[in-house]
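Just the heavy atoms: all of them, side chains too, but no hydrogens, waters or symmetry mates, feed the values below. Please read all numbers here as calculations on a predicted model, not as lab measurements.
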Protein chains: 2
Amino acid sequence: MQKTPAEFKAEILAALAHPNRIRIVEYIRKDIRCNCELAPALELEQSNLSRHLKILVQAGVLVSWKDGLRVNFKVADERIFKILDTATALAKQFVEKKIEALQEA
Amino acid sequence: MQKTPAEFKAEILAALAHPNRIRIVEYIRKDIRCNCELAPALELEQSNLSRHLKILVQAGVLVSWKDGLRVNFKVADERIFKILDTATALAKQFVEKKIEALQEA
DNA sequence: ACGCTATATGAGCATTCACTCATATAGTCA
DNA sequence: TGACTATATGAGTGAATGCTCATATAGCGT
């Protein structure tokens with residue numbers, strides 16, 4: 001079945017729309033990391049991390065390649081960070097507005 | 001319970017990460033729309049649409065105000081479109097790369 | 001071959017999500 | 001007031017998600 005444009009956009013956003021996946025992407029930033037390094041750093045269970053990484057790769061957020069036993073990852077495109085940074089700015093502004101509204105009341 | 005930074009970012013992305021909600025936001029773009037106009041235009045059941053709109057408002061993607069019987073909506077911030085447009089560009093590029101890879105093989 | 005390390009995946013579980021139908025609420029107008 | 005319109009919400013359902021434990025696979029070094 002053919003995917004609609006909205007479905008394509010939703011897919012990449014859905015891949016990013018999870019706290020642990022955001023932590024993974026931000027931890028990797030410009031460096032190259034392997035699964036084995038991420039698990040202890042982010043305190044994620046190995047199989048859980050592996051599944052999150054798979055989701056990110058399948059959505060095109062990360063690219064991965066094998067290096068012996070390890071699988072390395074890097075962020076596929078700088079624009080991923082633009083999305084995250086914009087989301088951060090919006091979230092921050094939204095929370096601040098809410099606090100303002102509370103203080104006025 | 002205190003929300004982590006990653007959770008805040010994930011929330012706004014999760015609000016956007018659904019095909020129907022993307023369609024809603026893109027239909028509204030810069031215009032002001034009411035629930036009653038969106039339902040037939042997007043072919044969404046009224047209660048379903050109402051719930052999607054609630055999610056978008058709660059995440060700060062849309063702002064709403066009452067006007068008589070109607071509830072009107074507009075997109076809260078231009079940067080929402082930056083996120084959507086970037087996601088679109090990334091999705092497009094990713095699909096194209098996949099097709100290339102298939103043709104090489 | 002063996003053991004060891006890194007990663008992937010099957011199965012099961014609890015939770016959340018998207019949807020629909022029916023009903024409730026709120027505002028308008030005669 | 002009552003009829004009508006617009007929106008919200010309770011309840012139920014099936015599907016998807018995130019997690020964990022256990023097991024499988026794959027590549028290394030001895």
Whole-Å distance between dA6(C) P and Leu44(A) CG? 17 Å

Ser47(A) has a side chain; which of dA22(D), dT5(C), dA6(D) sits nearest to it? dA22(D)

Let me spell it out: for each of Gly68(B) and Val71(A), pick the nucleotide of DNA chain C with the closest heavy atom. Which residue's pick is nearer the 5' end? Val71(A)

Determine the contact category for Asn48(A): base if any of its heavy atoms lies under 4.0 Å from a base atom, sugar-phosphate if only primed atoms, P, OP1 or OP2 are that close, otherwise nothing. base

Does OP1 or OP2 of dT7(C) have a side-chain N or O of Lys54(A) closer than 4.0 Å? no

Please tell me which of the listed nucleotides, dC19(D), dA8(D), dG27(C), lies nearest to the side chain of Lys66(B)? dG27(C)

What is the separation between atom CD1 on Ile24(B) and atom C1' on dA18(C), rounded to the nearest whole Å? 12 Å

Residue Asn20(A), side-chain atoms from C-beta onward, closest of dA8(D), dA8(C), dC19(D): dC19(D)

If you look at every heavy atom in Ala76(B) and Gly60(B), which pair is closest and at what distance? CB-O, 3.3 Å

Would you say Arg70(B) reaches dT28(C)'s phosphate, i.e. side-chain N/O to OP1/OP2 under 4.0 Å? no

Any Ser50(B) side-chain nitrogen or oxygen under 4.0 Å from OP1 or OP2 of dT7(D): no

For the pair made of CG in Leu16(A) and P in dG18(D), what is the distance, rounded to whole Å? 12 Å

Would a 4.5 Å heavy-atom cut-off, applied to side chains only, mark Gln93(B) and Arg79(A) as touching? yes

Hey, is the side chain of Arg51(B) pairing donor to acceptor with the base of dT20(C) inside 3.5 Å? yes

Above 12 or not: heavy atoms from other molecules or residues under 6.0 Å from CZ of Arg70(A)? no

Starting at atom CZ of Phe73(B), determine the distance to atom C1' of dA8(D), rounded to an integer number of angstrom. 11 Å

Side-chain touch Phe73(B)/Val63(B), heavy atoms, less than 4.5 angstrom: no

Give the rounded distance in Å between these two atoms: CZ of Arg33(A) and P of dA6(C). 16 Å

Between CG of Leu69(B) and P of dC29(C) the distance, given in whole Å, is 8 Å

Starting at CD of Gln46(B) and ending at P of dT23(C), how long is that distance when rounded to a whole Å? 15 Å

Side-chain (Arg33(B)) to main-chain (Ile24(B)) donor-acceptor, under 3.5 angstrom: no

Does some side-chain heavy atom of Val71(A) sit less than 4.5 Å from a side-chain heavy atom of Trp65(A)? no

Considering just the side-chain nitrogens and oxygens of His52(B), establish if one lies under 4.0 Å of OP1 or OP2 belonging to dC19(C). yes

Closest approach to the side chain of Glu45(B), judged atom by atom: which nucleotide of dT20(C), dT9(D), dA6(D) is it? dT20(C)

In whole Å, what is the span from the CG atom of Leu49(B) to the P atom of dA8(D)? 9 Å

If you pin Asn72(B) and His18(A) to their nearest nucleotides in DNA chain D, which one's is more 5'? Asn72(B)

Of the candidate nucleotides dT20(D), dT7(D), dA8(C), which contains the atom at the shortest distance from the side chain of Asn35(A)? dA8(C)

